[in-house]
Novice: 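Can you read through this structure? Questions will come right after.
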Amino acid sequence: MTASLRKLGIFAALLTALLAVSLGAARADDDDHDRDDDRDHGHALSADAAVWQNSAQQVARGRNTFRFDTFGDQDFWGGALRLHEAIAGAANGGVGPGLSPKAALGLGLKVDSRALPDSLVASLKAGRVDLDDPAVTLALLKLNAVVGVRSFQNRAGKVESVGITCALCHSTVDDSFAPGIGARLDGWANRDLNVGEIIAFAPTVAPFAQLLGVDEATVRKVFKSWGPGKFDAELVLDGKAFQPDGRSAATLLPAAFGLAGVNLHTYTGWGSVPYWNAFVAVLEMQGKGTFFDPRLDDASKFPIAAANGFSDVRREPDLVTPKLDDLHFYQLAIPAPKPPKGSFDVRAAERGKQLFAADGKARCATCHVPPLYTEPGFNLHQPEDIGIDAFQAQRSPDEGYRTTPLRGLWTHTKGGFYHDGRFATLAAVVDHYDAFQSLGLTDAERRDIVEFLKSL
């Protein structure tokens with residue numbers, strides 16, 4: 001982190017120097033500037049430099065928050081659920097078989113290769129590391145190498161708690177070292193992560209059982225029903241674990257990149273990016289902080305939230321609110337990744353772009369307005385507007401579905417599309433709208449639209 005701040009500080013200094021050189025050149029070209037003008041330009045330079053410096057500092061702090069800040073939630077994940085004991089295993093002072101690196105990777109957890117010392121990298125390449133040993137997982141945690149999971153040690157170096165960060169669900173790695181091991185990709189949805197299985201792995205889930213009013217076996221069954229890449233944020237608000245047809249009520253983990261200019265943050269609206277950051281940090285991650293939303297007092301819609309005072313949570317010390325501005329700034333700075341070269345048919349995508357346009361045959365851009373690919377403003381629609389059921393929409397205050405931004409869509413195709421992955425492929429999404437809107441698209445036109453979506 002110190003190195004990152006130093007680099008960003010140098011970056012800000014270079015920008016300031018470039019501004020100064022540019023301004024000096026402009027003054028040299030104009031001999032008519034008097035001293036008052038020079039002083040005015042000096043003030044402008046100082047203000048500009050402050051903006052650049054503030055931007056660099058906020059990105060650095062926000063990235064650190066996104067990657068490493070638990071907001072004090074280790075008191076819940078380690079203190080209440082004792083998850084660290086299950087990770088360690090009985091052989092290392094915990095309980096049960098423990099969680100080996102191989103098993104952790106199987107659950108979708110990722111390892112930041114840049115956090116590994118050279119000696120460990122060499123041992124891994126030489127096959128001298130036992131990836132079936134939970135003690136190795138503990139060592140990786142101590143190195144801060146497990147993306148989105150932080151360990152807390154006592155003076156003797158024993159892991160006595162673990163906490164989670166934003167990066168757990170909203171980062172992955174590029175697999176540059178090995179599958180599941182590589183450089184971080186912040187903002188990418190981790191569609192491999194089996195959140196429910198990880199929580200169910202804890203020695204106790206009693207806090208959830210008490211909140212939901214069921215036994216622990218039932219809670220574990222619900223968590224295990226989610227599957228990879230999904231999470232149910234509303235479960236602790238309304239207690240609805242399954243859809244009317246019996247499928248899990250969990251929704252796909254969304255990307256956290258390309259959010260600049262986008263109003264509502266989640267599939268069913270709820271609020272802006274900083275709203276959702278506070279909501280998740282306090283109510284889902286169980287961090288220490290403040291969260292306020294009187295809509296959660298509606299006992300008919302949110303019976304569990306209303307009964308437990310989730311509309312006004314104030315845990316001291318507040319470790320969330322002071323971080324929201326930097327976290328927001330960093331998330332808005334994460335660009336949507338461009339698709340790899342050769343991953344789509346360029347000519348077909350160009351034809352698909354014409355079909356996608358608001359005045360094209362498919363009219364997709366009526367809602368997915370370029371270049372945001374969602375509506376500027378209040379980007380929420382009623383379920384009947386998009387031809388699907390209202391179950392998930394009715395679990396939110398405004399009972400609608402957000403127009404999902406489409407940039408970087410290629411990064412999270414695993415698990416399907418729409419909030420619950422009901423459409424397995426992009427072709428299935430296009431087929432749905434073709435039928436629902438009676439567009440009359442040909443097979444070739446539908447394929448072209450898919451190629452355009454892959455190009456975003």
Novice: Would the distance check show the side chain of Arg446 and the main-chain N or O of Ala427 forming a donor-acceptor pair, the cut-off being under 3.5 Å?
Specialist: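 It does not hold such a pair.
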Novice: Please check if the number of heavy atoms outside Asn154 that lie under 6.0 Å from its CG is greater than 12.
Specialist: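 Yes, enclosed.
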Novice: With a 4.5 Å heavy-atom cut-off, do Asn190 and Lys414 have their side chains touching?
Specialist: no
Novice: Given the side-chain rings of Tyr267 and Tyr401, with only the six-membered ring counted for Trp, is the space between their centroids under 6.0 Å?
Specialist: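 No, they do not, as the ring centres are separated by 6.0 Å or more.
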Novice: Ignoring hydrogens and geometry, is there a side-chain-to-backbone donor-acceptor pair from Ser113 to Ile181 under 3.5 Å?
Specialist: no
Novice: Checking Asp69 against Thr165: is there a side-chain donor and acceptor pair closer than 3.5 Å?
Specialist: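 Short answer, no.
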Novice: Do side-chain atoms of Thr218 reach the backbone of Val214 as a donor and acceptor pair under 3.5 angstrom?
Specialist: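 Not at all, since once roles are kept as given, no pair shorter than 3.5 Å links the two residues.
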Novice: Take the angle between the ring planes of Trp270 and Trp276 and call it parallel below 30°, perpendicular above 60°, tilted in between.
Specialist: tilted
Novice: Using a 4.5 Å cut-off on heavy atoms from C-beta on, say whether the side chain of Ile304 contacts that of Leu237.
Specialist: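 Side chain of Leu237 against side chain of Ile304, heavy atoms only: no contact under 4.5 Å found.
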Novice: Where the side chain of Asp112 meets the backbone of Ala145, is there a donor-acceptor pair that is under 3.5 Å apart?
Specialist: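 The answer is no, because no donor-acceptor pair under 3.5 Å joins these two groups.
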Novice: Is a side-chain donor-acceptor pair under 3.5 Å present for Gln331 with Asn277?
Specialist: yes
Novice: What is the minimum heavy-atom distance between Pro405 and Leu372, and which atoms define it?
Specialist: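 For Pro405 and Leu372, the tightest heavy-atom pair comes out as CB-O, 3.9 Å.
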Novice: Look at atom NZ of Lys288 and say whether more than 12 heavy atoms of other residues, nucleotides or ligands are closer to it than 6.0 Å.
Specialist: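 Atom NZ in Lys288 is crowded, with more than 12 foreign heavy atoms closer than 6.0 Å.
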Novice: Can you name the closest pair of heavy atoms from Ser396 and Phe302 and give their distance?
Specialist: C-CZ, 4.1 Å
Novice: Identify the heavy atoms of Arg363 and Ala358 that sit nearest to each other, and give their distance.
Specialist: CG-O, 3.8 Å
Novice: So which atom in Glu384 and which in Phe436 form the shortest heavy-atom distance, rounded to 0.1 Å?
Specialist: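 Taking Glu384 first and Phe436 second, the nearest heavy atoms are O-CZ, 3.1 Å.
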Novice: Are the aromatic rings of Phe423 and Phe417 close, with centres under 6.0 Å apart?
Specialist: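 Judged by ring-centre distance (under 6.0 Å), Phe423 and Phe417 do not meet the cut-off.
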Novice: For Asn379, which of Thr404, Thr403, Thr374 qualifies under side chain to side chain donor-acceptor pair (under 3.5 Å)?
Specialist: Thr374
Novice: Can Thr266 and Leu264 be said to form a side-chain contact (heavy atoms from CB on, under 4.5 Å), step by step?
Specialist: CA-CA 6 Å; Thr266 62; Leu264 299 175; over 6 Å; no
Novice: Lys142 side chain to Gly157 main-chain N or O, any donor-acceptor pair under 3.5 Å?
Specialist: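 Confirmed, Lys142 side chain pairs with Gly157 backbone.
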Novice: Verify whether one side chain among Glu399 and Gln382 offers a donor that lies under 3.5 Å from an acceptor in the other.
Specialist: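 Their side chains do not contain a donor-acceptor pair, so the 3.5 Å distance test is not met.
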Novice: Ion pair present between Asp312 and Arg314, side-chain N to carboxylate O less than 4.0 angstrom?
Specialist: yes
Novice: Taking the side chain as C-beta and beyond, is there a heavy-atom pair between Pro303 and Asp238 under 4.5 Å?
Specialist: yes
Novice: Look at atom CZ of Arg247 and say whether more than 12 heavy atoms of other residues, nucleotides or ligands are closer to it than 6.0 Å.
Specialist: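 Enclosed: over 12 neighbouring heavy atoms sit under 6.0 Å from CZ of Arg247.
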Novice: Specify the closest pair of heavy atoms between Leu283 and Gln286, including all atoms of both residues, with the distance to one decimal.
Specialist: O-NE2, 2.8 Å
Novice: Please report the C-alpha distance between Phe152 and Val159 in whole Å, then the side-chain angles of each, then the deciding distance to 0.1 Å, and finally whether the side-chain contact (heavy atoms from CB on, under 4.5 Å) criterion is met.
Specialist: CA-CA 6 Å; Phe152 296 84; Val159 175; over 6 Å; no
Novice: A side-chain contact here means heavy atoms from C-beta on lying under 4.5 Å apart; do Val262 and Arg402 qualify?
Specialist: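 Yes - at least one pair of side-chain heavy atoms lies under 4.5 Å apart.
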Novice: Going by heavy atoms in the side chains, are Leu107 and Leu193 under 4.5 Å from each other?
Specialist: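 No; the side chains remain at least 4.5 Å from each other.
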Novice: Going by heavy atoms in the side chains, are Glu284 and Asp232 under 4.5 Å from each other?
Specialist: no
Novice: Give me the ring orientation class for Trp410 and Trp188: parallel if the planes are under 30° apart, tilted from 30 to 60°, perpendicular past 60°.
Specialist: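 The arrangement is perpendicular - the two ring planes meet at more than 60°.
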Novice: Determine, step by step, whether His419 and Thr268 satisfy the side-chain contact (heavy atoms from CB on, under 4.5 Å) criterion, reporting the C-alpha distance in whole Å, the side-chain angles of both residues, the deciding distance to 0.1 Å, and the verdict.
Specialist: CA-CA 9 Å; His419 59 282; Thr268 52; 5.9 Å; no
Novice: Fit a plane to each ring of Trp77 and Phe208, take the angle between them on a 0 to 90° scale, and name the class: parallel (under 30°), tilted (30 to 60°) or perpendicular (over 60°).
Specialist: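 Rings of Trp77 and Phe208: tilted, as their planes differ by 30° to 60°.
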Novice: Indicate the ring-plane relationship of Phe356 and His368, choosing parallel, tilted or perpendicular according to the 30° and 60° boundaries.
Specialist: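 The rings of Phe356 and His368 sit tilted, inter-plane angle from 30° to 60°.
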Novice: Would you call Arg422 and Asp389 a salt bridge, using N to O less than 4.0 angstrom?
Specialist: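 The answer is yes: the pair qualifies as a salt bridge.
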Novice: Indicate yes or no: at least one non-hydrogen side-chain atom of Glu234 is less than 4.5 angstrom from one of Lys301.
Specialist: no
Novice: With the threshold set at 4.0 Å, does a side-chain nitrogen-carboxylate oxygen contact exist between Glu216 and Arg220?
Specialist: yes
Novice: Are His265 and Tyr275 close enough, and set up right, to give a ring-ring contact (aromatic ring centres under 6.0 Å, His included), and what steps lead you there?
Specialist: CA-CA 8 Å; His265 181 37; Tyr275 168 91; 9.6 Å; no
Novice: Restricting to non-hydrogen atoms, name the atom on Asp326 and the atom on Arg61 that form the minimum distance, rounded to 0.1 Å.
Specialist: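 In this case the closest contact between Asp326 and Arg61 is OD2-NE, 2.7 Å.
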Novice: For the pair Arg82 (side chain) and Val95 (backbone), establish whether a donor and an acceptor sit closer than 3.5 Å, ignoring hydrogens and angles.
Specialist: no
Novice: Determine whether Leu296 and Phe291 satisfy the following criterion, side-chain contact (heavy atoms from CB on, under 4.5 Å), listing intermediate values before the conclusion.
Specialist: CA-CA 11 Å; Leu296 295 182; Phe291 177 75; 3.9 Å; yes
Novice: Verify, without hydrogens or angle tests, whether Lys353 (side chain) and Phe452 (backbone) share a donor-acceptor contact under 3.5 angstrom.
Specialist: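 Answer holds: no.
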Novice: Walk me through whether Lys110 and Asp192 qualify under salt bridge (Lys or Arg N to Asp or Glu O under 4.0 Å).
Specialist: CA-CA 9 Å; Lys110 306 297 181 181; Asp192 297 320; 2.8 Å; yes
Novice: Treating Arg150 as the side-chain partner and Phe68 as the backbone partner, does any N or O pair qualify as donor plus acceptor under 3.5 Å?
Specialist: yes
Novice: May I ask you to check whether Ser151 and Gln153 show a side-chain donor-acceptor distance below 3.5 Å?
Specialist: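 A donor-acceptor contact under 3.5 Å links the two side chains.
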